[in-house]
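Atoms within each ligand, like the ligands themselves, are counted from 1 in listed order.
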Amino acid sequence: MDRLLNRVNVSMYDFGLYFGYRDTPEEKEEANRRGIELFQHLQVLPDRHTPKICPVCEVEMGTSSDRTRMLGWRYRCSIPPHHKREATVNTFLERVRLREVGAHTVLMGMYLWVTGVNLSTMISELEIATDTAVAWYSYCRDVANKVAWHELGRIGGPEDVVEIDETHLFKRKYNIGRMNMWRQYWLFGGISRTTKRRFAYNQLGEVFAAHLTVNHSQHFVNPPQDEDPIWIAIGRLSEECVDKTWIGPPPQAGVVPFRIHTNTCERSWRELKKTLQSCNSVDLAENYIGEWMYRKNILDNIQGRTAKFLRFMEDVRRAYPGIGRNPMMADLANCNCHICVD
Ligand SMILES: [Zn+2]
Ligand SMILES: [Zn+2]
């Protein structure tokens, strides 16, 4: 396990070596056992020594062996009425059909999600069914969305500039003859020029009918670049916020050029819109936005694939802390998770 997780850039090849051949039922069983062990090491799944408090009795639960269970045991209260709880309750793996594919395959699927591999590559790499892959990616995206909002923190500050902008995108809903029903989404978001942290909200617009062509162009209200910049005192804003396009001496000493524009925001809209192209349901748009925030604000700042993978696993256990603890919600106002409450 250490040999696997101490590498800077763990690869699918390393996972393959670690899990061994997976041709015979015995080999698959062994790979699954190693997968569960790795999940336990990463604390995504509890082991028999992980204390859990019964949510009903509010006392520490014991465990009892049960070969029919996914982990071979489950939690059991020592006092009557002896509540029994699956070890996977409120974990990332609660909804995953672990028996069919094995814990090792789920782990590699999560790793591939972290590295940004697309769905069809994951399906062929892991030889799993399309709906299984779709479900896993949506579970990963769900974690990313929740964590991204928890980690956003305060955006902006006295020396920072936050570009705020809104844009819209259209998704075709259905065709009626030559008419298409289009649904319009408004996106409202911002990005810090210093930290590059970004956020976005989506708002569902009205469904409207239009002919086959739709105007996709956006109109921005940025002032033209050939206009003079605003001059501000040196040190008033961080270096990243100062205009880089100005050539020539400043009109007086001690000032630097500054421009009001949303160029950084527009760039990030383009990335977000690319991400949203694979999102085909209105209800999922929020999670796609969250995934984009998570990748840009968190994963992109971490060097090395192993470190990114370990960070994601840490976030998985924060989002799904197991029995007796509140799961994380994306909506911070209604979240009672241990991070929000503590
Ligand atoms: Zn109990
Ligand atoms: Zn919370």
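Residues Cys265 and Gly190 come closest through the heavy atom pair SG-CA, 4.2 Å. Contact detail for Arg305 and Val10: the closest heavy-atom pair is NE-O, 3.2 Å.
At distances below 3.5 Å, not a single donor-acceptor pair connects side-chain atoms of Thr306 with backbone N or O atoms of Leu5.
The nearest N/O/S atom of His83 to the Zn ion (ligand 1) is ND1.
Between Tyr75 and Trp73, the angle of the ring planes goes over 60°, which puts this pair in the perpendicular group of the 30/60° scheme. Ring-plane geometry between Tyr201 and Phe188 is classed as parallel, the angle between the planes falling under 30 degrees on a 0 to 90 degree scale with a further cut at 60.
Side-chain contact check for Val143 versus Tyr139: every heavy-atom pair is 4.5 Å or farther apart.
Among the atoms of Cys57, an N, O or S atom falls under 2.8 Å from the Zn ion (ligand 1).
The Zn ion (ligand 2) has His150 NE2, Cys335 SG, Cys337 SG, Cys340 SG as its protein N, O or S neighbours under 2.8 Å.
Through chains of ILVMFWY side-chain contacts below 4.5 Å, Tyr13 is grouped with Leu17.
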